[in-house]
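Step one of this worksheet: look at the structure below.
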Amino acid sequence: MKFKVLLIALCTFLINQCAMASRLPDDFWAYLQKQFPNSTQRFDSLVILSDGTTYIPLYPAQTSEEKNIKLEYTYPLGLSLASKPEVAIFNNNFVLLKLLRDKNGNFSITKNEDLPLKVKLGVMPQDMLVPVGLQVPESLMLTLGDLVIPQKNDNMIVVATDAKIGNNKDEKDKITPLNELRNKKTLISTDKSKFVLIYNGEGKNSLYELKLNGLPSKIVASNKSKFALVMYFGSKTVEIIDLTNERMVSQINLDDMPKDADLDTVNNIAYVASANASSIYMIDLNSAKLVKVIKLEQSPEKVAVSNDGQSLCFTDRNTQKIYSLKLVDNSYVAKFIADGKNLSRILFKNGNIYTISRTDNKMSIYNEDEAFLTGEIKLHEKPTDAVFYQDKIYILCAQDNMVDVYDTKSQKIVENIVLDNNGFYSKITMIPNQPNALITGIQTKKFLLLNLEKMVITKKQNSNIDVANIVIIDSITPVESKKEAL
């Protein structure tokens, strides 16, 4: 018995090297694609069928070179591969374990303890994103290798209610996702952890956690490319994350730590400002590469891109002056616009620059061409964030728990939306292709759903963690993912 355990442990150790940089052998993957048309292989080699069925591959202790790969064993016994068995063993010694999910959102693999030794000697991909709370039978624990199963209480969003505001009924035991997040993928980080929670709006629980290389300070996401740029506290390196497959695709080293970033949604370019480096970095989220470094005499801190992607504006950390930046005769020219003061947010649309002062509680509007102040609007206390939707700006005022709605056509505040009184809400996040936004805060443990057209808070959702960064993109099916990759 001791010898058998030692043998399994030794085999597991030997194949860890293969499973670390996981990619199924080309011939085996070609075989599986014939058996399962339109299937995809995730970055960690998990096999996802066109209907969403997922198989975890086990890398064998010793592969067998087979000219004609074929199915050797299934559990339940006697099933064809098309029947999608729980366990499939092939003559090249690879094994597929079906990822099971019950009605409560709990993940598991087969509970059968009496499986062939080939299964028990296999090892899961060692870069695999392990589903939260994955249940593995005792006899197959060695297949995990060095993988750690994250638990549901670790940085986990627990949705308490999807009820209308004013419903005071205690529904803490219910788990109901927001309908507005259906067909969306949401990534949430806290201010205390390197882990990002991956949440599927169709399900009731998170799928898994993604470990980043540091504590994220800001995440700028593109719904167009499904890529995100991640900035870290105390780091000169930014990373590009593939949000479809939840993997890091590139690391970009800057000259110094970045302070802010904004996204040109027309050309899919992220502009990253570094005050210490006196530079703005242009990073193409289509190719996940640094394409240009704009050196400045100023020290750029806050940055905003115009809605047409043709110009941008920034603030100088040292002087708090506001500048616009345009490409003129193949060189960038920084033009002084105005003096600023403790700006929490800048927006740039249709030739107008909107700056929001956190301490003066006001929004100033400048015509960029003339560098002229065209208006000032008094706001509620401590404005921290703002978003454009159509012709209106929704300004989140944290101290007064209020959203001030400014109409750019009538040039006045047209609505004051009262928020939940508990907590300090500091961030508004748009939900793609909807007239809705989520309002969150570091110390609120709650989401508020804002309908931008009706200008009213329609729903609230409790959680057991504080949200620092939240990214929402449209979900992409495995078939769509494959088409985009071609």
Side-chain angles (χ1 to χ4, degrees), residues 105 156-190 196-207 219 221 223 243 345 380 383-406 414-475:
M156 167 74 177
I157 288 289
V158 178
V159 181
T161 179
D162 185 11
K164 292 183 179 179
I165 294 293
N167 185 354
N168 294 321
K169 184 178 178 181
D170 188 359
E171 295 182 329
K172 290 184 179 179
D173 294 329
K174 290 189 177 182
I175 300 177
T176 309
L178 283 169
N179 290 331
E180 288 76 11
L181 291 180
R182 292 187 182 277
N183 301 316
K184 309 294 180 185
K185 181 178 286 187
T186 306
L187 295 87
I188 299 171
S189 72
T190 73
V196 172
L197 177 70
I198 312 296
Y199 181 81
N200 188 336
E202 294 286 357
K204 296 182 179 181
N205 296 307
S206 64
L207 299 177
I219 303 175
N223 191 57
L243 299 178
R345 191 77 165 88
H380 280 88
T384 57
D385 198 8
V387 295
F388 247 112
Y389 179 73
Q390 296 179 350
D391 295 318
K392 295 181 176 64
I393 304 176
Y394 298 75
I395 307 153
L396 176 57
C397 302
Q399 187 67 45
D400 286 342
N401 284 306
M402 191 81 66
V403 173
D404 291 339
V405 184
Y406 175 78
V414 295
E415 191 66 62
N416 302 118
I417 304 171
V418 180
L419 306 181
D420 192 299
N421 288 327
N422 298 321
F424 188 89
Y425 294 96
S426 57
K427 187 172 180 60
I428 304 181
T429 303
M430 297 289 294
I431 300 178
N433 300 312
Q434 286 186 22
N436 293 305
L438 285 182
I439 297 178
T440 56
I442 290 293
Q443 298 175 350
T444 62
K445 288 186 167 60
K446 188 178 292 184
F447 299 111
L448 300 180
L449 183 71
L450 171 62
N451 186 297
L452 301 168
E453 290 179 344
K454 297 178 181 179
M455 293 186 285
V456 65
I457 301 296
T458 56
K459 297 179 182 178
K460 60 182 176 181
Q461 172 178 305
N462 294 329
S463 72
N464 71 344
I465 67 170
D466 293 314
V467 176
N469 290 285
I470 180 168
V471 172
I472 307 171
I473 63 168
D474 290 319
S475 292

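Reckoned from all heavy atoms, side chains included, excluding hydrogens, waters and symmetry mates.
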(request) Taking the side chain as every heavy atom from C-beta outward, state whether L187 and I219 have any pair of such atoms under 4.5 Å apart. (result) no
(request) Could you list the residues that satisfy side chain to side chain contact (heavy atoms under 4.5 Å, CB included) with V414, not counting sequence neighbours? (result) K392, V405, D407, S410, K412, M455
(message) Tell me the closest heavy-atom pair linking S426 and G441, and the distance in Å.
(response) OG-CA, 3.8 Å
(message) To check you understand the geometry: which heavy-atom pair defines the closest contact between Y394 and E453, and what is its length?
(response) OH-N, 4.5 Å
(message) Once rounded to the nearest 0.5 Å, what's the spacing between atom CG of L243 and atom CD1 of I472?
(response) 12.0 Å
(request) Please tell me if the side chains of I417 and V456 come closer than 4.5 Å, counting only heavy atoms from C-beta onward. (result) no
(message) Could you work out, with side chain to side chain contact (heavy atoms under 4.5 Å, CB included) as the rule, every residue matching Q399, not counting sequence neighbours?
(response) E381, K382, F424
(message) Can you pull out every side chain to side chain donor-acceptor pair (under 3.5 Å) where at least one residue sits in residues 429-439? Sequence neighbours excluded, please.
(response) N433-D474, Q434-N436
(message) How long is the straight-line distance from CD1 of I395 back to CD1 of I428, given to the nearest 0.5 Å?
(response) 8.5 Å
(message) For a quick test of reading the model, state the closest non-hydrogen atom pair linking P432 to I473 and the distance between them.
(response) CG-CA, 4.0 Å
(message) Which residues pass the salt bridge (Lys or Arg N to Asp or Glu O under 4.0 Å) test with D391, not counting sequence neighbours?
(response) K409
(message) For the CD1 atom of I439 and the CG atom of L450, what is their distance to the nearest 0.5 Å?
(response) 4.5 Å
(message) Using side-chain heavy atoms (C-beta onward) and a distance below 4.5 Å, is D385 in contact with Y425?
(response) no
(request) Check step by step if side-chain contact (heavy atoms from CB on, under 4.5 Å) holds for L449 and I431. (result) CA-CA 10 Å; L449 183 71; I431 300 178; 3.8 Å; yes
(request) Report the residues that fulfil side chain to side chain donor-acceptor pair (under 3.5 Å) with D404, sequence neighbours left out, ordered by chain and then residue number. (result) H380, N416
(request) With the side chain counted from C-beta on, respond yes when T384 and K427 share a heavy-atom pair under 4.5 Å apart, and no when they do not. (result) no
(request) Mind checking the CE-OH spacing from M430 to Y389? Nearest 0.5 Å is all I need. (result) 6.5 Å
(request) May I have the step-by-step check of side-chain contact (heavy atoms from CB on, under 4.5 Å) for I188 and T440, ending in yes or no? (result) CA-CA 11 Å; I188 299 171; T440 56; over 6 Å; no
(message) Within the structure provided, determine whether E180 and L438 are in side-chain contact (heavy-atom separation under 4.5 Å).
(response) no
(message) Is there a side-chain contact between N401 and V418 in this structure, where contact means two heavy atoms from C-beta onward sitting under 4.5 Å apart?
(response) no
(message) How long is the straight-line distance from CE of M402 back to CG of L396, given to the nearest 0.5 Å?
(response) 11.0 Å
(request) With sequence neighbours left out, write down each residue that passes salt bridge (Lys or Arg N to Asp or Glu O under 4.0 Å) with K446, or none if nothing qualifies. (result) D420
